[in-house]
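Report on the following structure.
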Amino acid sequence: GDSFVTTSTNATITGLEMDTNYKFDVVTYYNDVECNRKTVGVKTLGKPVIYTQPADVVAYENGSTELVIVAEENSVYQWYQNGELLEGATNSSLVLSDLTKESDGYTYYCVVSKNGTDVTSDTAVLSVKYNAPTELNFVGNSTVKVGDLASLLVESDAKEVSFVWSNEQSGNAYSNVFMEVGNYTVVCTASNEGGSLVKEFEIQVIAADKAEFLTDIESTTVYVGESLELSVEVDIDDVTYQWYKNNEIVEGETAATIVVTDLTKENAGDEYYCVVNHYGTESISNKAVVNVLYNKPTNLILTQDSDAIAG
């Protein structure tokens, strides 16, 4: 319903809404007399349409990723990083490469322009994770003796890795004491935000060292009613003792020294020896033989019949 007059064949119309159809009546006057009237239809252009918004992406350290936007044809693109214009980033896709952990959390959006108008895309967030572990190597001794401490120290090729072992130990160090000969498998799971790696390690447990006796136990002679004391000494610690008499276990005699009291003549010829056990490896001492004698006479008393003396 609005009208305006111009003396030019061109007209500039302001205040129109975008993406709207308008009709204009163009009237030509000569000496204030209408000479011609024509209706002209005009459609104003709208902002460019974005069909596919850029989405959040997850990438890994030293890797690459791509952000993509899809808009209507003949659109012009300009990408921004953390609110700052990225020089040369004028395609519908943005490739991000050689990523570092410092890039974690960076934000990106694209301004799409066409026909003098523009629209800003959604903001996409970049997440950069450490690479998952791909190797686990151990430092330590994979062969140990029964009763000794088995220890492994694992190293990973990844960053920020946590370790959990099959015996529920945590950390990159594993330790355990095995009490039987055999081959054992321990499992380590190494994990970080990038993923996990599970690896088995073999530990071989061999027999413990054999205790060596430092001296022999000696056969001895005692008298009826006396006591007997026998002792053994070996060259290593962490051993157990068991004494035997005539090849039978002497119950309760599990120390390095055995004391036998109140010997009788019946104990003559008894044999004693000791079995020393070091984590399953046994050492047997020599045998000591006991000789039991009657007590020596300490006084002689002479008794005679008085009649015999008188005669």
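Residue numbers start at 1 and run along the sequence shown.
We find that E61 and K159 are joined by a salt bridge, their nearest charged nitrogen and carboxylate oxygen being less than 4.0 Å apart.
Counting only distance, with no hydrogens or angles, the side chain of D56 and the backbone of V125 share a donor-acceptor pair below 3.5 Å. Panel note: side chain S219, backbone V289; a donor-acceptor pair is recorded below 3.5 Å. H278 contributes a side-chain N or O that, together with a main-chain N or O of D209, makes up a donor-acceptor pair within less than 3.5 Å. Without hydrogens or angle criteria, D157 side chain to E135 main chain gives a donor-acceptor distance under 3.5 Å. For the pair E72 (side chain) and V49 (backbone), a donor-acceptor distance under 3.5 Å is present. The backbone N or O of V70 lies less than 3.5 Å from no partner atom in the side chain of T52, so there is not a single donor-acceptor pair. Under the 3.5 Å distance criterion, the side-chain polar atoms of T123 are left unmatched by any main-chain donor or acceptor of T107. A distance-only check finds a donor-acceptor pair linking the side chain of S283 to the backbone of A211 [under 3.5 Å]. In this structure, the side chain of N62 does not engage the main chain of D98 through any donor-acceptor pair within 3.5 Å. K114 places a side-chain N or O within donor-acceptor distance of the main-chain N or O of E73, the cut-off being under 3.5 Å.
Note on V292 and I258: same hydrophobic cluster, where clusters join Ile, Leu, Val, Met, Phe, Trp and Tyr whose side-chain heavy atoms are under 4.5 Å apart, directly or indirectly. Residue I249 is grouped with residue Y273 when hydrophobic side chains (ILVMFWY) are merged at heavy-atom distances under 4.5 angstrom, including chains of intermediate members. Both V250 and L263 sit in one connected hydrophobic cluster of ILVMFWY residues. Membership requires side-chain heavy atoms under 4.5 Å apart, directly or through other members. Hydrophobic clustering places V177 together with Y184 (ILVMFWY residues linked when any side-chain heavy atoms are closer than 4.5 Å, directly or through intermediates). Under a hydrophobic clustering in which Ile, Leu, Val, Met, Phe, Trp and Tyr are joined whenever their side-chain heavy atoms come within less than 4.5 Å, directly or via other members, V146 and V276 fall into different clusters.
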Where do E193 and K101 land on the salt bridge (Lys or Arg N to Asp or Glu O under 4.0 Å) test, with the steps shown first?
-> CA-CA 12 Å; E193 62 182 1; K101 191 63 177 176; 2.4 Å; yes
Quick one: do V234 and K210 satisfy side chain to side chain contact (heavy atoms under 4.5 Å, CB included)? Show the steps, please.
-> CA-CA 10 Å; V234 294; K210 189 174 182 179; over 6 Å; no
Test log, rule side chain to side chain contact (heavy atoms under 4.5 Å, CB included), inputs V290 and K245 = CA-CA 11 Å; V290 181; K245 171 187 172 183; over 6 Å; no
Hey, mind stepping through Q53 and S121 against side chain to side chain contact (heavy atoms under 4.5 Å, CB included) and telling me if it holds?
-> CA-CA 6 Å; Q53 296 281 357; S121 73; 3.3 Å; yes
Decide side chain to side chain contact (heavy atoms under 4.5 Å, CB included) for I206 and T143; before the verdict, give the C-alpha distance in whole Å, the side-chain angles of both, and the deciding distance to 0.1 Å.
-> CA-CA 7 Å; I206 60 177; T143 301; 4.2 Å; yes
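Of the residues listed (D122, I69, T120), the one engaging Y109 in a side-chain contact (heavy atoms from CB on, under 4.5 Å) is T120, and it is the only one. Just one residue in the list N82, T65, D104 forms a side-chain contact (heavy atoms from CB on, under 4.5 Å) with L126, and that residue is T65.
In this structure, CG on L152 lies 7.5 Å from OG on S142, to the nearest 0.5 angstrom. Interatomic distance, N172 CG to E155 CD, rounded to the nearest 0.5 Å: 8.0 Å. Here the straight-line distance linking atom OG of S227 with atom CG of D262 works out to 6.5 Å at 0.5 Å rounding. Taking CD of E233 as the start and CG of L214 as the end, the distance is 4.5 Å to the nearest 0.5 Å. Between atom CG of residue N267 and atom CG of residue L228 there is a gap of 9.0 Å, rounded to the nearest 0.5 Å. How far CG of D270 is from NZ of K287: 12.0 Å, rounded to the nearest 0.5 Å.
Contact record, N192 with A132: OD1-CA, 3.6 Å, taken as the closest heavy-atom pair. Here the closest heavy-atom approach between residue L230 and residue E218 is recorded as CD2-O, 3.9 Å. W79 approaches P54 most closely through the heavy-atom pair CH2-CB, 4.0 Å. Closest approach of S231 to I217, counting heavy atoms only: O-CG2, 2.9 Å. The minimum heavy-atom distance linking V144 with N141 is given by the pair CG1-O, 4.0 Å. Contact record, S75 with V112: CB-CG1, 3.5 Å, taken as the closest heavy-atom pair.
In this model, a donor atom of one side chain and an acceptor atom of the other lie less than 3.5 Å apart for E202 and T185. Remark: the S97 side chain and the S64 side chain contain no N/O donor-acceptor pair separated by less than 3.5 Å.
When side chains are defined from C-beta on, Y241 counts as touching V239, because their heavy atoms get closer than 4.5 Å. Using a 4.5 Å cut-off on side-chain heavy atoms (C-beta onward), T90 and V76 make no contact. In this structure, Q169 and S175 have side chains that are in contact, with non-hydrogen atoms separated by less than 4.5 Å. The shortest distance between side-chain heavy atoms of W243 and V232 falls below 4.5 Å. The shortest distance between side-chain heavy atoms of V205 and E180 does not fall below 4.5 Å. Taking the side chain as every heavy atom from C-beta outward, I284 and Y244 never approach each other to under 4.5 Å. Between L67 and V57, some side-chain heavy-atom pair lies under the 4.5 Å cut-off. Using a 4.5 Å heavy-atom cutoff, the side chains of T117 and P48 are in contact.
Using bins of under 30°, 30° to 60° and over 60° for the plane-to-plane angle, the ring pair Y174/W165 lands in the tilted bin. Aromatic ring pairs are classed by plane angle as parallel below 30°, tilted from 30° to 60° and perpendicular above 60°; the pair F201 and F138 is perpendicular.
By the ring pair (Phe, Tyr, Trp, His ring centres under 6.0 Å) test, Y279 pairs with no residue at all, sequence neighbours left out.
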